[in-house]
Amino acid sequence: MDTLNQPSRSPDTEAGAGVEPDDRLQIKNYSIESLRERLPQLGIEPYRADQIAGWLYGKGVEDPDRMTDLSNHVRGLLRDEWETRALHTEKVARSEDGTVKAVLRAHDGELIESVLIPEPGRTTLCISTQVGCPLACSFCATGALGFRRNLSTAEIVDQVCRMREVLESGAEPTTRHDGNPITNIVFMGMGEPLLNLSSVLETIRLLVHPKAFGMAPRRVTVSTVGVVPRIEPLLRAAPVNLAVSLHATRDEVRDQLVPLNRRFPIRVLLDELRQLDCVTPRRPVFFEYTLIAGINDSLADARRLVELLEGIPSKLNLIPMNPHSDSPHGPPDDAAVDRFLREVAGRGLFVSLRRSRGPDIDAACGQLALRQVSEPVVAPHRAEA
Ligand code: SAH
């Protein structure tokens, strides 16, 4: 695993439960357990950690002065010693279809995007795990940005807090689930979650912790292009849904679309999934297959796809490619999408078509590249670079 092309600042290579030395003052880098251990060193009872988490994650209150059941001493610490917000909401764009995209700024000026997708009965939040992405998938706009750094746990978690705030201040219809207007979380924003695994796992622990966000693990989905040695550690650590970006049925094609395929070819990836005993019909793998005209949309592809997935409890998500200016490719026409869908469904695969959400604000899959935002938004990190 050490030989994976890890960014030098990856928390994966550093000690500590998701707490990076530089970010120690971000309270959202702490798991509730590590906060319970830390507080007594400051003369505070461990159970205060649960209260702090209740305010930050349960109630969405980040101003220590409003945490009324905390002593003045604890409130003072939160004010003076720790940051309770890791991100600043720089810009919010609302799509005609109700999708909301926000550009969020980290303390070092780096910008990331998160997307809220309200639907009847649920509201899904799509969050980022890296600034840019190192994997350079040829049809993905985030890949074209290149890679800048991993996000800390606090920065991943804070996307949930900032977007809940956006949701509560806006006009979006919300479906509440145990008091949280965000019902589902997908790690499908900018970056490759499995290349920032320790922070992703710390985030998941806070999402499902009853004293924090209290979400059911089945409402959380992590998507990967297939960093094979990290799939099992993810699923062992947390019973979340796994989504795998497959996109091709032959290595020659997948090598071009997803360069990581040269490292972990289709067979290796699928064999790994096939032998995982935590993958079951009740807990299938969600395969994402972006349909690209003339590249991977033939009927032969549809047939090969069904054969390849045999023996893996699967659900297939077809995503007609969302076009963007960095790619010469585009989606097949509706008839070709329909043909592909019927072919795989006819062979017994459970398949659904993912409708593009928020394309008018560049919020759809593969379009997160800090576009459709006014000029000054991109300026801060350019100026510092
Ligand atoms: N790096 C992870 C997490 C990002 S998920 C992964 O790739 O799985 C984003 C999903 O959108 C992936 O399935 C990705 O392949 C897909 N995608 C990227 N560009 C796209 C585009 N232009 N149109 C449709 N889907 C795209």
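Just so you know, ligand 1 is whichever comes first in the structure, and atom 1 is the first atom listed for that ligand.
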N/O to N/O under 3.5 Å, ligand 1 against protein:
residue: ligand 1; atom: 1 (N); partner: G191; partner atom: O; Å: 3.0
residue: ligand 1; atom: 1 (N); partner: E192; partner atom: OE1; Å: 3.2
residue: ligand 1; atom: 7 (O); partner: S245; partner atom: OG; Å: 3.3
residue: ligand 1; atom: 8 (O); partner: S223; partner atom: OG; Å: 2.6
residue: ligand 1; atom: 8 (O); partner: T224; partner atom: N; Å: 3.4
residue: ligand 1; atom: 8 (O); partner: S245; partner atom: OG; Å: 2.6
residue: ligand 1; atom: 13 (O); partner: S245; partner atom: OG; Å: 2.7
residue: ligand 1; atom: 13 (O); partner: E288; partner atom: OE2; Å: 3.2
residue: ligand 1; atom: 15 (O); partner: H247; partner atom: NE2; Å: 2.6
residue: ligand 1; atom: 22 (N); partner: F139; partner atom: O; Å: 3.0
residue: ligand 1; atom: 22 (N); partner: N322; partner atom: O; Å: 2.9
residue: ligand 1; atom: 23 (N); partner: N322; partner atom: N; Å: 2.8
residue: ligand 1; atom: 23 (N); partner: C365; partner atom: O; Å: 3.4
residue: ligand 1; atom: 25 (N); partner: T290; partner atom: OG1; Å: 3.2

*Please list, chain by chain and in numerical order, all residues satisfying side chain to side chain donor-acceptor pair (under 3.5 Å) with R66, sequence neighbours excluded.*
none

*Taking only residues two or more places apart in sequence or in another chain, which ones pass side-chain contact (heavy atoms from CB on, under 4.5 Å) with E45?*
Y47, R48

_Taking the basic N atoms (NZ, or NE/NH1/NH2) and the acidic carboxylate oxygens, is any pair closer than 4.0 Å for R85 and E155?_
no

*Thinking salt bridges, do R205 and E33 make one under a 4.0 Å N-O criterion?*
no

*Please confirm whether the backbone N or O of L194 pairs with a side-chain atom of R230, one donor and one acceptor, at under 3.5 Å?*
yes

*Pairs flagged by salt bridge (charged side-chain N to carboxylate O under 4.0 Å, His left out) wherever residues 269-280 is involved - sequence neighbours left out*: R236-D277, D271-R274

